[in-house]
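Below you'll find the structure, written out as structure tokens, and then a few comments.
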Amino acid sequence: MATTVKSDEHKNKRKKEAKNETSGTAQLGFFEKNDPIPESSQKFHKTDTLETILKDTGKEINALLSKYAQILSERAAMDASYVEELEGILKEASSIEHHLKLKRENLRHSFAAIAGPLQNEEGVSGK
């Protein structure tokens with residue numbers, strides 16, 4: 001009697017599985033038939049979307065690189081102007097240094113010219 005109950009349960013289970021399989025197949029067929037976009041078109045659509053995204057991303061990257069290059073160019077121009085300004089300052093400092101050296105030499109000669117007669121006067125008055 002226990003075997004009969006088990007075999008009946010097994011049969012019922014099989015019937016339910018078979019029913020679910022046919023019902024699942026029918027549902028799949030329904031979706032396949034009513035699918036508005038065929039699978040090949042879906043692949044094309046996905047590829048097209050991917051290509052569009054890649055193109056847009058490429059454009060954004062190019063725009064950012066262009067902006068970065070422009071900023072670097074502006075900074076290079078600014079650095080060049082700083083270098084020119086520093087070169088001008090150094091040239092002016094060198095010119096001032098040269099002028100001060102000439103002044104020092106002129107002062108030495110002037111002091112020597114004044115000190116010579118004073119030393120001679122001391123030597124004459126000291127004798």
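All residue numbers refer to positions in the sequence shown, counting from 1. Quick note: numbers below take in every heavy atom, side chains included, and nothing from hydrogens, waters or symmetry partners.
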Exercise. Partners of E85 by side chain to side chain donor-acceptor pair (under 3.5 Å), sequence neighbours excluded?
Worked result: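 With neighbours one apart ignored, the set is empty.
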Who else is in [X]'s hydrophobic cluster (ILVMFWY, side-chain heavy atoms under 4.5 Å, direct or via others)?
X	result
L100	I96
Y68	L72
M78	Y82
I61	L65

Problem set entry | All side-chain contact (heavy atoms from CB on, under 4.5 Å) counterparts of L54, not counting sequence neighbours |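 Partners of L54 under the side-chain contact (heavy atoms from CB on, under 4.5 Å) test: L50.
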Problem set entry | E92 atom CD, over 12 foreign heavy atoms within 6.0 Å | no
Problem set entry | Expected output: side-chain S66 to main-chain N62 donor-acceptor under 3.5 Å | no
Exercise. So, the side chain of S95 versus the backbone of K91: is there a donor-acceptor pair under 3.5 Å, distance only?
Worked result: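 Side chain of S95 to backbone of K91, a donor-acceptor pair under 3.5 Å: no, none is there.
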Rounded to the nearest 0.5 Å, how far does [atom2] of [Y] lie from [atom1] of [X]?
X	Y	atom1	atom2	result
S110	E105	OG	CD	11.0 Å
K59	K55	NZ	NZ	7.5 Å
L102	L107	CG	CG	11.0 Å
R108	R104	CZ	CZ	5.0 Å

